[in-house]
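Quick notes on the structure that follows.
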Amino acid sequence: MCGIVGLVGTGAVNQRLYDALTVLQHRGQDAAGIVTSGEAGLCVRKGSGLVRDVFQQQHMLGLRGNIGIGHVRYPTAGRDGASEAQPFYVNSPYGICLAHNGNLTNAAELAEVLTGEDRRHLNTSSDSEVLLNVFASELQRIGIQRVASADVFTALEAVYRRCRGGYAVIAMIIGHGIVGFRDPNGIRPLVLGRRDTPGGPEWMLASESVALDSLSFHLVRDIAPGEAVLIDEAGRLHSHQCVTGARHTPCIFEYVYFARPDSKIDNISVYRARMRMGDRLAEKILRERPNHGIDVVIPIPDTSRTSALQLAQRLNLKYREGFIKNRYIGRTFIMPGQEQRQKSVRSKLNAIDLEFRGKNVLLVDDSIVRGTTSAQIIELAREAGARKVYFASAAPPVRYPNVYGIDMPAARELVASGRRVDEVARLIGTDWLIYQDLEDLIAACRHEDSCVEEFDTSCFSGEYVTGDVTPQYLKRLQMERSDEARMLGREGREPLKVIHA
């Protein structure tokens with residue numbers, strides 16, 4: 001999972017791109033990059049680390065121009081975060097830069113065609129670079145001196161025919177403008193915003209609407225599944241539906257965990273969706289355990305707070321903040337390895353023993369993926385003096401790999417894979433474990449103001465909406481993206497094939 005942003009402004013965009021990336025930092029903490037274009041030509045700065053660490057004053061001064069794109073990345077596989085930092089660039093044709101969020105499920109096959117038939121060179125093992133070269137190759141086939149919006153859309157129609165998976169993309173064509181497009185299922189999010197200035201309209205594309213809010217852009221709409229938009233250098237907006245009849249199935253895990261609560265995705269409030277998750281989970285507790293004996297509800301910060309508060313109110317229970325979070329530690333779910341995740345939990349959270357001592361505590365989290373964080377947090381609660389520790393997940397059991405850009409690569413690393421709920425409870429050390437039902441999660445995320453009727457729920461259901469995910473593909477993905485493979489890649493013993501943004 002990554003964060004992407006693009007701006008076409010009437011003035012310098014460097015600071016605004018930086019500010020947007022800091023707002024999207026929760027989507028990726030491994031690397032960051034910005035590319036701008038103007039009279040000074042193409043200006044690039046990217047590297048490993050947080051946005052605030054990658055960009056210093058001298059770098060910002062060098063990012064000149066009124067058009068630009070940015071990217072924050074979290075790692076799923078690979079050895080060198082710096083070499084895989086985006087945006088990527090290819091000089092032919094025209095000069096194109098690209099920032100990508102998601103995963104191409106046929107990246108390996110595309111790479112073979114690009115190098116063998118299209119005669120294009122790939123510098124990295126990233127599927128984002130594969131996507132960039134597919135786009136560049138299709139534009140080159142058109143073979144015109146000055147590209148028009150219709151030519152870009154013709155090339156993108158071919159990109160859609162060739163590329164499969166979940167993706168949201170922002171690309172900058174030097175001297176022409178910025179392009180944004182979204183996969184035919186709308187799995188990965190992409191929103192369009194506008195701001196009117198004395199110099200004319202300014203346009204912004206971003207992964208989440210909160211990035212628009214922070215820069216005083218108003219949300220125009222979500223980019224539709226299979227749709228592409230082009231904002232030219234004069235600030236004119238062009239749009240084209242490249243794929244018709246697409247099945248709109250946004251990733252439900254965006255609402256569970258990844259997106260900020262103050263964002264809207266596909267006209268669904270993430271905050272309201274999480275409130276409804278808490279309501280549904282409370283109703284299940286009342287059905288299954290009416291005499292629950294819970295004294296206090298405590299969220300695991302930060303993502304579960306909204307659900308936990310709503311759950312406590314519905315059950316008429318006390319809600320307390322029992323953990324204090326060190327905000328200088330990244331999100332443990334998107335840490336690059338198991339050992340690092342384990343070390344980070346205790347340095348990230350500290351229990352307030354007054355809220356635990358002698359009580360039956362219900363801990364609420366957004367989800368349970370590997371179980372590492374959950375087990376250590378339950379241990380912290382017991383050390384703080386809790387009499388009983390119950391655990392509730394606002395999401396169903398994560399039993400299957402995610403192939404569309406979220407770091408759930410190997411079924412054997414998922415604590416719920418192949419296990420009953422009581423077996424998971426024993427493994428993570430809780431006295432009682434309750435999961436959200438999938439149908440309740442779907443109901444919580446639906447809203448009458450949105451056209452979304454169904455979601456990609458593959459990590460819960462094992463149903464992959466693109467229809468091209470085979471057991472052989474999952475086995476290969478596990479070999480490339482498991483923690484063991486990641487360690488091999490970092491130590492240089494075995495190169496990995498595909499890096500997913």
Side-chain angles (χ1 to χ4, degrees), residues 2-9 13 17 20 33-38 42 65-71 86-102 104 127-142 144 146-163 166-184 186 188-194 201-207 211-212 217 220-243 501:
C2 300
I4 57 177
V5 62
L7 264 167
V8 176
V13 297
L17 288 169
I34 292 176
V35 177
T36 60
S37 178
L42 191 67
N66 294 359
I67 298 177
I69 64 176
H71 185 270
Q86 297 184 41
F88 286 124
Y89 170 76
V90 66
N91 69 343
S92 176
Y94 315 113
I96 305 171
C97 303
L98 181 141
H100 164 225
N101 170 33
L104 299 184
D127 66 338
S128 303
E129 192 190 15
V130 169
L131 202 159
L132 168 61
N133 276 274
V134 170
F135 181 34
S137 179
E138 294 302 332
L139 268 179
Q140 199 158 31
R141 290 183 204 278
I142 297 173
I144 57 173
R146 175 79 184 175
V147 67
S149 60
D151 302 312
V152 173
F153 296 142
T154 297
L156 285 173
E157 287 176 355
V159 171
Y160 278 110
R161 289 193 295 270
R162 295 178 66 178
C163 296
Y167 50 88
V169 176
I170 300 175
M172 181 170 63
I173 305 175
I174 310 303
H176 296 84
I178 283 181
V179 178
F181 57 99
R182 193 178 178 193
D183 67 80
R188 301 269 66 90
L190 188 63
V191 297
L192 174 68
R194 172 175 170 147
E202 296 186 317
W203 296 92
M204 184 175 175
L205 289 160
S207 293
L212 308 180
F217 282 72
V220 175
R221 60 182 176 85
D222 294 84
I223 302 302
E227 182 192 17
V229 297
L230 168 65
I231 306 155
D232 63 29
E233 289 188 311
R236 295 182 294 256
L237 175 69
H238 311 265
S239 66
H240 179 67
Q241 189 64 41
C242 298
V243 180

Closest approach of [X] and [Y], non-hydrogen atoms and distance?
| X | Y | answer |
| --- | --- | --- |
| Ala20 | Met204 | CB-CE, 3.7 Å |
| Gly68 | Ile178 | O-CD1, 3.3 Å |
| Ala168 | Ile4 | O-CD1, 3.4 Å |
| Cys242 | Ala228 | SG-CB, 3.9 Å |
| Ala136 | Ser92 | CB-O, 3.6 Å |
| Pro93 | Leu139 | CG-CB, 3.9 Å |

Could you measure the distance from the [atom1] atom of [X] to the [atom2] atom of [Y]? Nearest 0.5 Å is fine.
| X | Y | atom1 | atom2 | result |
| --- | --- | --- | --- | --- |
| Arg182 | Leu190 | CZ | CG | 7.0 Å |
| Glu233 | Met172 | CD | CE | 9.5 Å |
| Leu7 | Ile231 | CG | CD1 | 9.0 Å |
| Leu17 | Thr36 | CG | OG1 | 8.0 Å |
| Phe217 | Glu202 | CZ | CD | 5.0 Å |
| Ile174 | Ser37 | CD1 | OG | 4.5 Å |

Output yes when a side-chain donor or acceptor of [X] lies under 3.5 Å from a complementary backbone atom of [Y], and no otherwise.
| X | Y | result |
| --- | --- | --- |
| Asn101 | Cys2 | yes |
| Trp203 | Gly193 | no |
| His100 | Tyr167 | no |

With sequence neighbours left out, what residues match Glu129 under salt bridge (Lys or Arg N to Asp or Glu O under 4.0 Å)? none
Who are the salt bridge (Lys or Arg N to Asp or Glu O under 4.0 Å) partners of Asp232, not counting sequence neighbours? Arg236
Please lay out, stage by stage, how Phe135 and Val152 fare under the test side chain to side chain contact (heavy atoms under 4.5 Å, CB included). CA-CA 9 Å; Phe135 181 34; Val152 173; 4.2 Å; yes
Apply the side chain to side chain contact (heavy atoms under 4.5 Å, CB included) test between Leu98 and each candidate in Leu132, Ile69, Val90; give the one that qualifies.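 Testing each of Leu132, Ile69, Val90 against Leu98, the sole residue satisfying side chain to side chain contact (heavy atoms under 4.5 Å, CB included) is Leu132.
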Taking the side chain as everything from C-beta on, heavy atoms only, tell me whether [X] gets closer than 4.5 Å to [Y].
| X | Y | answer |
| --- | --- | --- |
| Ile223 | Leu205 | yes |
| Cys97 | Leu42 | yes |
| Val134 | Cys163 | yes |
| Val229 | Val179 | no |

Contacts of type ring-ring contact (aromatic ring centres under 6.0 Å, His included), residue Tyr89, not counting sequence neighbours: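 Applying ring-ring contact (aromatic ring centres under 6.0 Å, His included) to Tyr89 gives none.
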Test side-chain contact (heavy atoms from CB on, under 4.5 Å) applied to Gln241 - qualifying residues, sequence neighbours left out: Ala224, Glu227, Thr244
Partners of Arg141 by side-chain contact (heavy atoms from CB on, under 4.5 Å), sequence neighbours excluded?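 Only Asp118, Ser137, Glu138, Arg162 meet the side-chain contact (heavy atoms from CB on, under 4.5 Å) criterion with Arg141.
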Run the side chain to side chain contact (heavy atoms under 4.5 Å, CB included) check on Asn66 and Val8 step by step: do they pass? CA-CA 6 Å; Asn66 294 359; Val8 176; over 6 Å; no
Please assess Leu131 against Leu104 for the test side chain to side chain contact (heavy atoms under 4.5 Å, CB included), listing each intermediate value before the final yes or no. CA-CA 8 Å; Leu131 202 159; Leu104 299 184; 3.7 Å; yes
Quick note, side chain to side chain donor-acceptor pair (under 3.5 Å) partners involving residues 149-161, not counting sequence neighbours, are Glu157-His240
Do Leu192 and Leu237 pass the side chain to side chain contact (heavy atoms under 4.5 Å, CB included) test, and can you show the C-alpha distance, the side-chain angles, and the key distance before you say yes or no? CA-CA 10 Å; Leu192 174 68; Leu237 175 69; 3.9 Å; yes
